[in-house]
> 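Encoded as C-alpha coordinates, here's the structure I'll be asking about.
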Amino acid sequence: MKHFTSVHDVQDVAALVDEVLQLKQSPYAHKSLGQDKTLGLIFLNPSLRTRLSTQKAGMNLGMNVMVMNLDKEGWALETQEGVIMNGTTVEHIKEAAAVMGQYCDIIGLRSFPKLQDREEDYSEDLLNKFIQYAKVPVVSLESATRHPLQSLADLVTIKEQKVSGKKPKVVLSWAPHIKPIPQCVANSFAEWMQQADVELVIANPEGYDLSEEFTQGAQVLHNQNEALEGADFVYVKNWSSYENYGQVLTDGEGWMITNEKLALTNNAKVMHCLPVRRGLELSHEVLDGPNSLVIEQANNRLYAAQAVLKRMLEGNN
Ligand code: CP
(Lines give C-alpha, C1' and ligand atoms only; values in the text may rest on other atoms or scores of the structure.)
Protein backbone atom coordinates (compact mmCIF):
# COMPACT_ATOMS: atom_id res chain seq x y z
CA MET A 1 0.00 0.00 0.00
CA LYS A 2 1.63 3.25 -1.12
CA HIS A 3 -0.65 5.67 0.73
CA PHE A 4 -3.81 5.26 2.84
CA THR A 5 -6.07 8.28 2.50
CA SER A 6 -9.43 6.71 1.56
CA VAL A 7 -11.15 3.42 0.80
CA HIS A 8 -9.98 3.88 -2.80
CA ASP A 9 -6.44 3.01 -1.71
CA VAL A 10 -7.60 -0.52 -0.82
CA GLN A 11 -7.86 -3.17 -3.53
CA ASP A 12 -9.94 -5.67 -1.52
CA VAL A 13 -11.76 -4.17 1.46
CA ALA A 14 -13.11 -7.52 2.72
CA ALA A 15 -9.59 -8.98 2.76
CA LEU A 16 -8.30 -5.98 4.71
CA VAL A 17 -11.09 -6.40 7.27
CA ASP A 18 -10.14 -10.08 7.64
CA GLU A 19 -6.51 -9.08 8.12
CA VAL A 20 -7.50 -6.64 10.88
CA LEU A 21 -9.35 -9.47 12.65
CA GLN A 22 -6.33 -11.79 12.30
CA LEU A 23 -4.07 -9.14 13.83
CA LYS A 24 -6.53 -8.76 16.69
CA GLN A 25 -5.98 -12.46 17.44
CA SER A 26 -2.16 -12.26 17.11
CA PRO A 27 -1.02 -8.64 17.47
CA TYR A 28 2.66 -9.51 17.95
CA ALA A 29 2.97 -12.05 15.12
CA HIS A 30 4.83 -9.59 12.87
CA LYS A 31 7.14 -8.02 15.42
CA SER A 32 10.19 -8.23 13.16
CA LEU A 33 8.51 -6.56 10.15
CA GLY A 34 9.09 -3.06 11.44
CA GLN A 35 12.59 -3.54 12.79
CA ASP A 36 14.78 -0.49 12.03
CA LYS A 37 11.78 1.27 10.45
CA THR A 38 10.48 4.60 11.75
CA LEU A 39 6.88 5.78 11.92
CA GLY A 40 6.36 9.52 12.29
CA LEU A 41 2.96 10.73 13.51
CA ILE A 42 2.31 14.39 12.79
CA PHE A 43 -0.66 16.10 14.42
CA LEU A 44 -2.02 19.52 13.53
CA ASN A 45 -5.08 18.92 15.73
CA PRO A 46 -5.84 17.18 19.06
CA SER A 47 -6.26 13.41 19.29
CA LEU A 48 -6.57 10.66 21.88
CA ARG A 49 -7.53 7.48 20.01
CA THR A 50 -5.77 8.05 16.70
CA ARG A 51 -2.56 9.08 18.37
CA LEU A 52 -2.36 6.25 20.88
CA SER A 53 -3.75 3.46 18.69
CA THR A 54 -1.47 4.26 15.74
CA GLN A 55 1.53 4.64 18.03
CA LYS A 56 0.79 1.26 19.59
CA ALA A 57 0.15 -0.29 16.18
CA GLY A 58 3.62 0.77 15.06
CA MET A 59 5.17 -0.59 18.26
CA ASN A 60 3.31 -3.92 17.86
CA LEU A 61 5.02 -4.23 14.47
CA GLY A 62 8.43 -3.48 15.98
CA MET A 63 8.70 0.05 14.57
CA ASN A 64 10.32 3.06 16.17
CA VAL A 65 7.62 5.70 16.59
CA MET A 66 8.00 9.48 16.80
CA VAL A 67 5.07 11.79 17.51
CA MET A 68 5.01 15.54 16.93
CA ASN A 69 2.21 17.99 17.65
CA LEU A 70 3.22 20.19 14.74
CA ASP A 71 0.61 22.84 15.50
CA LYS A 72 2.14 23.50 18.93
CA GLU A 73 5.71 22.24 18.65
CA GLY A 74 6.63 23.01 15.05
CA TRP A 75 7.03 26.13 12.96
CA ALA A 76 3.90 27.70 11.47
CA LEU A 77 3.50 26.07 8.05
CA GLU A 78 3.04 27.80 4.72
CA THR A 79 1.32 25.78 2.01
CA GLN A 80 0.78 28.27 -0.84
CA GLU A 81 3.03 28.19 -3.87
CA GLY A 82 5.18 31.20 -4.70
CA VAL A 83 4.13 33.26 -1.70
CA ILE A 84 6.44 35.84 -0.12
CA MET A 85 6.70 34.57 3.44
CA ASN A 86 6.74 37.93 5.20
CA GLY A 87 3.78 37.11 7.46
CA THR A 88 3.16 34.66 10.30
CA THR A 89 4.19 31.44 8.53
CA VAL A 90 7.79 30.39 9.17
CA GLU A 91 8.40 27.18 7.21
CA HIS A 92 7.07 26.00 3.85
CA ILE A 93 5.54 22.55 3.58
CA LYS A 94 8.01 21.82 0.76
CA GLU A 95 10.91 21.80 3.19
CA ALA A 96 9.04 20.57 6.29
CA ALA A 97 7.54 17.48 4.62
CA ALA A 98 10.75 16.70 2.72
CA VAL A 99 12.77 16.79 5.94
CA MET A 100 10.29 14.61 7.84
CA GLY A 101 10.26 12.16 4.94
CA GLN A 102 14.01 11.71 5.36
CA TYR A 103 13.59 10.75 9.01
CA CYS A 104 10.64 8.40 8.55
CA ASP A 105 9.73 5.30 6.53
CA ILE A 106 6.00 5.96 6.99
CA ILE A 107 4.30 9.21 8.04
CA GLY A 108 0.84 9.64 9.54
CA LEU A 109 -0.77 13.06 9.23
CA ARG A 110 -3.78 14.55 11.00
CA SER A 111 -5.09 17.80 9.60
CA PHE A 112 -8.67 18.99 10.08
CA PRO A 113 -10.48 21.29 7.64
CA LYS A 114 -10.76 24.98 8.47
CA LEU A 115 -14.51 24.88 7.58
CA GLN A 116 -14.32 28.31 5.93
CA ASP A 117 -13.80 27.54 2.25
CA ARG A 118 -15.41 24.32 0.98
CA GLU A 119 -13.44 24.21 -2.24
CA GLU A 120 -10.16 24.59 -0.40
CA ASP A 121 -11.01 21.97 2.23
CA TYR A 122 -12.35 19.44 -0.29
CA SER A 123 -9.24 19.84 -2.46
CA GLU A 124 -7.24 18.15 0.36
CA ASP A 125 -4.44 20.56 -0.46
CA LEU A 126 -2.39 20.01 2.68
CA LEU A 127 -2.56 16.19 2.58
CA ASN A 128 -1.75 16.10 -1.12
CA LYS A 129 1.19 18.46 -0.76
CA PHE A 130 2.47 16.48 2.19
CA ILE A 131 2.36 13.30 0.10
CA GLN A 132 4.06 15.10 -2.79
CA TYR A 133 6.98 16.43 -0.77
CA ALA A 134 7.47 13.74 1.92
CA LYS A 135 8.04 11.06 -0.74
CA VAL A 136 7.30 8.20 1.70
CA PRO A 137 4.02 6.34 2.30
CA VAL A 138 1.51 8.55 4.11
CA VAL A 139 -1.39 7.39 6.30
CA SER A 140 -4.24 9.81 6.84
CA LEU A 141 -4.94 10.15 10.55
CA GLU A 142 -8.02 12.21 9.54
CA SER A 143 -7.91 14.78 6.80
CA ALA A 144 -10.18 17.57 5.65
CA THR A 145 -12.74 15.21 4.13
CA ARG A 146 -12.13 11.67 5.44
CA HIS A 147 -11.11 9.54 8.43
CA PRO A 148 -10.23 6.20 6.82
CA LEU A 149 -8.62 4.47 9.83
CA GLN A 150 -11.79 5.21 11.80
CA SER A 151 -13.99 3.86 9.01
CA LEU A 152 -11.95 0.67 8.71
CA ALA A 153 -12.30 0.09 12.45
CA ASP A 154 -16.04 0.81 12.16
CA LEU A 155 -16.45 -1.74 9.39
CA VAL A 156 -14.51 -4.33 11.40
CA THR A 157 -16.76 -3.65 14.40
CA ILE A 158 -19.89 -4.15 12.30
CA LYS A 159 -18.50 -7.40 10.86
CA GLU A 160 -17.76 -8.68 14.38
CA GLN A 161 -21.22 -7.81 15.70
CA LYS A 162 -23.56 -8.54 12.82
CA VAL A 163 -25.83 -11.55 12.77
CA SER A 164 -24.44 -13.97 10.22
CA GLY A 165 -26.48 -14.47 7.06
CA LYS A 166 -28.35 -11.17 7.44
CA LYS A 167 -27.51 -8.01 5.54
CA PRO A 168 -27.61 -5.43 8.34
CA LYS A 169 -29.42 -2.12 8.11
CA VAL A 170 -26.92 0.56 9.15
CA VAL A 171 -28.22 4.06 9.90
CA LEU A 172 -25.80 6.97 9.98
CA SER A 173 -27.65 9.45 12.15
CA TRP A 174 -26.76 13.12 12.50
CA ALA A 175 -26.63 14.28 16.12
CA PRO A 176 -26.74 17.70 17.79
CA HIS A 177 -23.56 19.60 18.73
CA ILE A 178 -22.69 23.05 20.00
CA LYS A 179 -20.10 23.95 17.39
CA PRO A 180 -19.25 23.32 13.73
CA ILE A 181 -17.76 19.85 13.26
CA PRO A 182 -16.15 18.57 10.02
CA GLN A 183 -17.98 16.15 7.72
CA CYS A 184 -14.94 13.81 7.58
CA VAL A 185 -16.14 10.94 9.77
CA ALA A 186 -19.59 10.89 8.18
CA ASN A 187 -18.21 11.20 4.63
CA SER A 188 -15.74 8.43 5.23
CA PHE A 189 -18.23 6.13 6.97
CA ALA A 190 -20.65 6.50 4.06
CA GLU A 191 -17.88 5.83 1.55
CA TRP A 192 -16.70 2.66 3.33
CA MET A 193 -20.24 1.35 3.85
CA GLN A 194 -20.75 1.52 0.07
CA GLN A 195 -18.00 -1.12 -0.16
CA ALA A 196 -19.62 -3.38 2.45
CA ASP A 197 -22.54 -5.79 2.39
CA VAL A 198 -24.90 -3.51 4.31
CA GLU A 199 -28.01 -1.41 3.66
CA LEU A 200 -26.94 2.16 4.40
CA VAL A 201 -29.52 4.81 5.36
CA ILE A 202 -28.46 8.34 6.30
CA ALA A 203 -30.65 10.46 8.58
CA ASN A 204 -30.03 14.16 8.93
CA PRO A 205 -32.04 17.38 9.21
CA GLU A 206 -32.72 19.46 6.10
CA GLY A 207 -29.62 21.41 5.11
CA TYR A 208 -27.19 18.75 6.36
CA ASP A 209 -27.05 16.45 3.33
CA LEU A 210 -23.51 15.24 2.75
CA SER A 211 -21.75 15.52 -0.59
CA GLU A 212 -23.01 12.93 -3.07
CA GLU A 213 -19.38 12.15 -3.79
CA PHE A 214 -19.51 10.18 -0.54
CA THR A 215 -23.14 9.10 -0.22
CA GLN A 216 -23.32 7.78 -3.79
CA GLY A 217 -27.02 7.12 -3.95
CA ALA A 218 -27.52 5.91 -0.37
CA GLN A 219 -31.01 6.60 0.97
CA VAL A 220 -31.06 9.98 2.75
CA LEU A 221 -34.01 10.69 5.06
CA HIS A 222 -34.80 13.88 6.95
CA ASN A 223 -37.09 11.99 9.32
CA GLN A 224 -34.91 10.26 11.91
CA ASN A 225 -37.67 8.04 13.33
CA GLU A 226 -38.46 6.68 9.87
CA ALA A 227 -34.77 5.97 9.27
CA LEU A 228 -34.35 4.16 12.58
CA GLU A 229 -37.12 1.64 11.91
CA GLY A 230 -35.61 -1.86 11.87
CA ALA A 231 -32.01 -0.62 12.13
CA ASP A 232 -29.38 -3.14 13.25
CA PHE A 233 -26.68 -0.51 13.78
CA VAL A 234 -26.98 3.21 14.48
CA TYR A 235 -23.85 5.26 13.89
CA VAL A 236 -24.24 8.58 15.66
CA LYS A 237 -22.24 11.61 14.52
CA ASN A 238 -22.60 15.34 14.24
CA TRP A 239 -21.44 17.24 11.19
CA SER A 240 -21.80 20.84 10.09
CA SER A 241 -23.61 21.75 6.91
CA TYR A 242 -21.97 20.90 3.58
CA GLU A 243 -24.46 23.01 1.62
CA ASN A 244 -24.09 26.11 3.84
CA TYR A 245 -20.53 25.17 4.35
CA GLY A 246 -19.35 24.79 7.93
CA GLN A 247 -22.48 26.31 9.44
CA VAL A 248 -24.61 25.07 12.33
CA LEU A 249 -28.21 25.43 11.12
CA THR A 250 -30.20 23.99 14.02
CA ASP A 251 -29.82 23.06 17.68
CA GLY A 252 -31.05 19.60 16.64
CA GLU A 253 -33.66 19.23 19.36
CA GLY A 254 -35.11 15.71 19.23
CA TRP A 255 -32.15 14.22 17.31
CA MET A 256 -30.21 12.82 20.31
CA ILE A 257 -30.26 9.02 20.35
CA THR A 258 -32.05 7.85 23.49
CA ASN A 259 -33.58 4.58 24.66
CA GLU A 260 -36.92 5.78 23.23
CA LYS A 261 -35.27 6.17 19.83
CA LEU A 262 -33.60 2.78 20.15
CA ALA A 263 -37.02 1.21 20.73
CA LEU A 264 -37.79 1.99 17.06
CA THR A 265 -34.86 -0.16 15.91
CA ASN A 266 -34.11 -3.86 15.72
CA ASN A 267 -32.40 -3.60 19.13
CA ALA A 268 -29.65 -1.75 17.28
CA LYS A 269 -26.06 -1.61 18.38
CA VAL A 270 -24.93 1.99 18.79
CA MET A 271 -21.66 3.35 17.45
CA HIS A 272 -19.80 6.65 17.74
CA CYS A 273 -16.17 7.41 16.83
CA LEU A 274 -15.58 9.35 20.08
CA PRO A 275 -15.05 11.82 21.63
CA VAL A 276 -18.79 12.07 22.29
CA ARG A 277 -20.78 14.83 23.97
CA ARG A 278 -22.83 12.95 26.57
CA GLY A 279 -26.39 14.12 26.96
CA LEU A 280 -26.18 16.04 23.67
CA GLU A 281 -25.24 13.62 20.87
CA LEU A 282 -26.05 10.45 22.79
CA SER A 283 -27.89 9.95 26.06
CA HIS A 284 -26.03 8.67 29.12
CA GLU A 285 -28.35 5.68 29.29
CA VAL A 286 -27.50 4.56 25.76
CA LEU A 287 -23.75 5.10 26.19
CA ASP A 288 -23.76 3.19 29.47
CA GLY A 289 -26.18 0.55 28.23
CA PRO A 290 -25.74 -2.88 26.64
CA ASN A 291 -26.18 -1.69 23.05
CA SER A 292 -23.20 0.67 23.03
CA LEU A 293 -20.17 -0.47 21.01
CA VAL A 294 -18.12 2.70 21.41
CA ILE A 295 -15.34 1.21 23.54
CA GLU A 296 -14.93 -1.87 21.34
CA GLN A 297 -14.97 0.38 18.29
CA ALA A 298 -12.04 2.36 19.76
CA ASN A 299 -10.24 -0.90 20.53
CA ASN A 300 -10.48 -1.87 16.87
CA ARG A 301 -8.68 1.34 15.91
CA LEU A 302 -5.45 -0.33 17.05
CA TYR A 303 -5.77 -3.36 14.77
CA ALA A 304 -7.04 -1.28 11.83
CA ALA A 305 -3.93 0.90 12.05
CA GLN A 306 -1.75 -2.17 12.45
CA ALA A 307 -3.13 -3.81 9.31
CA VAL A 308 -2.55 -0.66 7.26
CA LEU A 309 1.01 -0.18 8.55
CA LYS A 310 1.74 -3.87 7.99
CA ARG A 311 0.65 -3.62 4.36
CA MET A 312 2.77 -0.52 3.85
CA LEU A 313 5.81 -2.28 5.33
CA GLU A 314 5.15 -5.26 3.08
CA GLY A 315 4.43 -3.10 0.04
CA ASN A 316 0.98 -4.74 -0.42
CA ASN A 317 -2.36 -3.17 -1.27
N1 CP B 1 -12.11 8.95 16.81
C2 CP B 1 -10.97 9.66 16.81
O3 CP B 1 -10.32 9.89 15.78
O4 CP B 1 -10.58 10.05 18.06
P5 CP B 1 -9.40 11.09 18.33
O6 CP B 1 -9.80 12.40 17.71
O7 CP B 1 -9.28 11.16 19.82
O8 CP B 1 -8.15 10.57 17.68
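All of these numbers come straight from a predicted model, not from anything done at the bench.
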> Please report the shortest heavy-atom distance between Ala268 and Phe233, naming the atom on each side.
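Nearest heavy atoms, Ala268 then Phe233: CB-N, 4.0 Å.
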> Might you point out which heavy atoms bring Ser140 and Arg146 nearest each other, and give the distance in Å?
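Closest approach of Ser140 to Arg146: OG-O, 4.2 Å.
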> Compare every heavy atom of Asp121 with every heavy atom of Thr145, then report the nearest pair and how far apart it is.
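Closest approach of Thr145 to Asp121, heavy atoms only: CG2-O, 3.9 Å.
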> Considering only NZ, NE, NH1 and NH2 on the basic side and carboxylate oxygens on the acidic side, decide whether Lys24 and Glu296 come within less than 4.0 Å.
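Yes, this pair counts.
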> According to the interplanar angle, ranging from 0 to 90°, do the rings of Trp174 and Tyr208 count as parallel (below 30°), tilted (30 to 60°) or perpendicular (above 60°)?
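Trp174 vs Tyr208 ring planes: tilted.
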> Less than 3.5 Å apart, any donor N or O on the side chain of Gln183 or Tyr122 sitting next to an acceptor on the other?
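Distance-only check passes for Gln183 and Tyr122.
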> Please report the closest heavy-atom contact between Ala218 and Leu200, naming both atoms and the distance.
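Looking at all heavy atoms of both residues, the closest pair is CB-CD2, 3.9 Å.
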> Looking at Asp71 and Arg110, is any side-chain nitrogen of the basic one under 4.0 Å from a carboxylate oxygen of the acidic one?
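No, no charged N to carboxylate O under 4.0 Å.
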> Given 3.5 Å as the limit, does a donor-acceptor pair link the side chain of Asn244 with the main chain of Gln247, or not?
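Flag not set: sc Asn244 to bb Gln247 has no pair under 3.5 Å.
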> Check Leu41 against Arg51 and note the closest heavy-atom contact, atom names and distance.
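Distance-wise, the nearest heavy atoms are CD1-O, 4.1 Å.
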> Output, in order, the C-alpha distance, side-chain angles, deciding distance and verdict of side-chain hydrogen bond (donor to acceptor under 3.5 Å, both in side chains) for Gln150 and Asp154.
CA-CA 6 Å; Gln150 180 66 52; Asp154 297 337; 2.8 Å; yes
> Met256 and Glu281: which non-hydrogen atoms are nearest, and at how many Å?
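Nearest heavy atoms, Met256 then Glu281: CG-O, 3.5 Å.
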> Please determine if Lys169 and Glu229 form a salt bridge, counting it only when a charged side-chain N lies under 4.0 Å from a carboxylate O.
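Salt bridge: no.
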> Evaluate the side-chain proximity of Leu210 to Trp239: yes if any heavy-atom separation is below 4.5 Å, no if none is.
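SC-SC contact between Trp239 and Leu210 confirmed.
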> For the pair Lys237 (side chain) and Leu274 (backbone), establish whether a donor and an acceptor sit closer than 3.5 Å, ignoring hydrogens and angles.
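Answer holds: no.
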